There are 2 protein chains.
Amino acid sequence: MNTFSFLALFPMSERSEKRTMRATADQVAREANVSRVAVSRAFNPNASLKQEKRDRILQIARELNYTPDMAARSLVTRRTHLVGMIVPDVCSPWESAEIDALTTALQAEGFATLLFKAKADFSMDPTLLTYMRGFNPDSVIAFTENIEPDVLSGFLDHAVPIYVIYDDAEQFAGKPSASLYDRLLVRQSDGIGQAVALLQGYGVRRIAYLAGKTQSLANTERQRMITKAMAERGMEPPVIVAGDYTYDTAYRATLDLFRIGEGADAVFASNDVGAFGAIDALRHELGLSVPGDVKVVGFDDIPQSHWKSYNLTTVRIDLEERVRALVRLILMRLKTPDAAPLTETLSTRLVVRGTVG
Amino acid sequence: MNTFSFLALFPMSERSEKRTMRATADQVAREANVSRVAVSRAFNPNASLKQEKRDRILQIARELNYTPDMAARSLVTRRTHLVGMIVPDVCSPWESAEIDALTTALQAEGFATLLFKAKADFSMDPTLLTYMRGFNPDSVIAFTENIEPDVLSGFLDHAVPIYVIYDDAEQFAGKPSASLYDRLLVRQSDGIGQAVALLQGYGVRRIAYLAGKTQSLANTERQRMITKAMAERGMEPPVIVAGDYTYDTAYRATLDLFRIGEGADAVFASNDVGAFGAIDALRHELGLSVPGDVKVVGFDDIPQSHWKSYNLTTVRIDLEERVRALVRLILMRLKTPDAAPLTETLSTRLVVRGTVG
DNA sequence: GCCAGAAATGAAAACGTGTTCATTCAAGGT
DNA sequence: ACCTTGAATGAACACGTTTTCATTTCTGGC
């Protein structure tokens, strides 16, 4: 029992013992005394075929362990039912959660995930793109944000981008292209407003924003919205601390902020993992209390955020909802390419736990 | 800049504006004044073709943005260059790290990862398998351990399993099949021995083993090796606490152990995430000190284990090394199907941090 | 019992590539 | 100058499916 995890498959020609090929539509047809076309139709629900005949074919197909060959099918259909995902770091909690949810949702719709690892610096590798192109994915999801849509969609033929934009649809007023395409609008300002209000309620005056990757649009918009929310409440602009979404960088940046810099009443991290780094630096190296001396707020609400050691107060982006909206957009555009551009909107909200108050 | 993450592709027939198909080998051939066969050969390094001719073809291919169509190619080659991965939980730190490393390694060898989400209960879904079969992956990696190899390799044609076994190759003495196939032997006992020795050195007498999924072979072998190591040092057998590799279950199980049960001097968790749950329960709910009152040891050494809040002492499985060995086995078997069965061995070692001593 | 329209059917033509096989070409040894 | 060997070449076929299109069979209304 439970003896294995890995399995290699081999084409018939190379296995001397097993001479049983994968069953083909022709074999099923012969066995069922019908034409090969009938077999094809049996597997296509809305093709016209006598019910009784269809049942018999499917029965025989099951006995022969037959499944239509996707490669052959996609050759004529021009649909591979593959969705390419380009990911720099599968280990990142937020990204792995998003991959998980996307794969689940797409799988339910009959699409399989084709996973590619991008370079660590988030850059888009032309070789990788060329390589991926060969598989002809029906759609591509890129988890890196530092490449122009035009470059990528020029590389992949007939690609129509779906924009993920933050807070202000108007920030793209100058780019006419943005309004021509489908968009997912994430209103980060909602949760950020709640967070800033809560912090101010606790008497916080000086907030440090622990930034993420500078190429990340999500990051720059988070920073902008925090600054805006603070201004609206009559607070001074936040102190900006450079970061890159990782624990280690956040840890060191926090040390610098409090040792070399002038510290802060609260640290607003650009993501939860960064918040963890900040908390650990404050508690375990600087000897400060969270939330006693310094409040900490994160962003994302990953599963680890409710772990008791951190118990993080954070701005939650509902992953399930986000993925549902994205999959809806992708499938809509795939089914009806000429439909009018659609915009989905996603709110965010503050989840209050133990690192504030 | 940095305005998008998602991209949908569409077959020509459905896009009214763009009428430019993907370039085909015929077009390249016509443009270069050669036969289509020459184009095929140009992309196959060990086919015989005049160097000058090959260069010209590749040049023109680049200009036309041409890449061989994998679907068409695999139809005749019987090789898809796809490796299917069946994963119950992509979010799990250890699994996501393994997916990341495997994808990187396989990508370097020209294989792409085809990701499928299995049911949450680790069970193998026949529908999923049938579905995956359609894509004809060259190889399959299953991250779930509760299905007989025979069942799966019967389902997928011409599948030859690669066994991952733990500590004793002899445990499969009764199963002749095990010695017929390739194997990765993980010597968990190495690191476990070091851990038990260290704990005994600190005067620990009563160890609780916080178990993982009972269907997991890795788990049962960890338990067996801990018991064995303790016996060899004249210690009483460990207290077994049921678990399932998750934080929440580990947290509650630890509470029960110390409130209802009789507690322990040390908790040996079946994985790092479980150790985190134990630590948090001890520190934040039971008011005990780690490592003062109770020592904690984990298993895996995931990236989070060095985070200061946990700073976990743990038995490290070298992920890179493990993945290298696995990829080596898979590729070897794929290239030379009739080669003699190979066994790779992997050691483990204790990484000492702050939760012991 | 007849006719129109709809549903069911199979032959043939794609889809884009790799491979076989017989042929041509170039080079090198006597 | 001749033969031999090996490399270079392209025509034809194969891979397993879907789709088109023309034909046949069924259905229901008069």
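In what follows, chains are A, B, ... by sequence order, proteins preceding strands, each numbered from 1. Treat the numbers as computed from the prediction; the structure is a model and nothing was measured.
Contact annotation: side chain of Arg22(A) to base of dG16(D), donor-acceptor pair absent below 3.5 Å. In this model, a side-chain donor or acceptor of Arg41(A) finds a partner on the base of dG10(C) within 3.5 Å.
Ring geometry, Phe116(B) versus Phe135(B): the interplanar angle falls from 30° to 60°, so the pair is classed tilted.
Arg78(B) has its CZ atom 9 Å from the P atom of dT17(D), to the nearest Å. In this entry the distance linking CG of Leu75(A) with P of dT17(C) reads 9 Å, nearest Å. For Ile57(A) and dT17(D), the CD1 to P distance is 13 Å, given to the nearest whole Å. As rounded to whole Å, 12 Å separates atom C1' of dT18(D) from atom NE2 of His81(A). Between the CE atom of Met70(B) and the C1' atom of dG16(D) there is a distance of 18 Å, given to the nearest Å. Distance Arg73(A) CZ to dT17(D) P: 9 Å, rounded to the nearest Å. To the nearest angstrom, P of dG16(C) lies 7 Å from CG of Asp69(B). In this structure, Arg36(A) atom CZ and dA13(C) atom P are separated by 13 Å, rounded to whole Å.
In this structure, of dA11(D), dT17(C), dT18(D), it is dT18(D) that holds the atom nearest to the side chain of Thr77(A). Comparing dT9(D), dG10(D), dG10(C) by their closest approach to the side chain of Ser35(A) singles out dG10(C).
A sub-4.0 Å separation between OP1 or OP2 of dT18(D) and a side-chain N or O of Ser40(A) is present. The side chain of Lys53(B) contributes an N or O atom lying less than 4.0 Å from OP1 or OP2 of dT9(D). Using a 4.0 Å cut-off, no side-chain N or O of Ser74(B) falls inside it from OP1 or OP2 of dT17(C). Under 4.0 angstrom from either OP1 or OP2 of dT19(C) there lies at least one side-chain N or O belonging to Asn44(B). The side chain of Ser48(A) contributes no N or O atom lying less than 4.0 Å from OP1 or OP2 of dA7(C). For dG16(C), the OP1/OP2 oxygens have no side-chain nitrogen or oxygen of Thr24(B) closer than 4.0 Å.
The nearest heavy atom of DNA chain D to Ala72(A) and to Gln51(B) marks one nucleotide each, and the one closer to the 5' end goes with Gln51(B). If Val76(B) and Leu49(A) are placed on DNA chain C by their nearest nucleotide, the residue sitting closer to the 5' end is Leu49(A).
In plain terms, the two heavy atoms of Ala325(A) and Leu184(A) that are nearest each other are CB-CD1, 3.9 Å.
Taking 4.0 Å as the cut-off between side-chain N and carboxylate O, Arg22(A) and Asp69(A) do not count as a salt-bridged pair. The existence of a salt bridge linking Glu344(B) and Arg328(B) is confirmed by a sub-4.0 Å separation between a basic side-chain nitrogen and an acidic carboxylate oxygen.
The ring of Phe43(B) has its center closer than 6.0 angstrom to the ring center of Tyr66(B).
Checked against side-chain hydrogen bond (donor to acceptor under 3.5 Å, both in side chains), Glu63(B) has the following partners two or more places apart in sequence or in another chain: Gln59(B).
Among the heavy atoms of the strands, none lies under 4.0 Å from Phe43(B).
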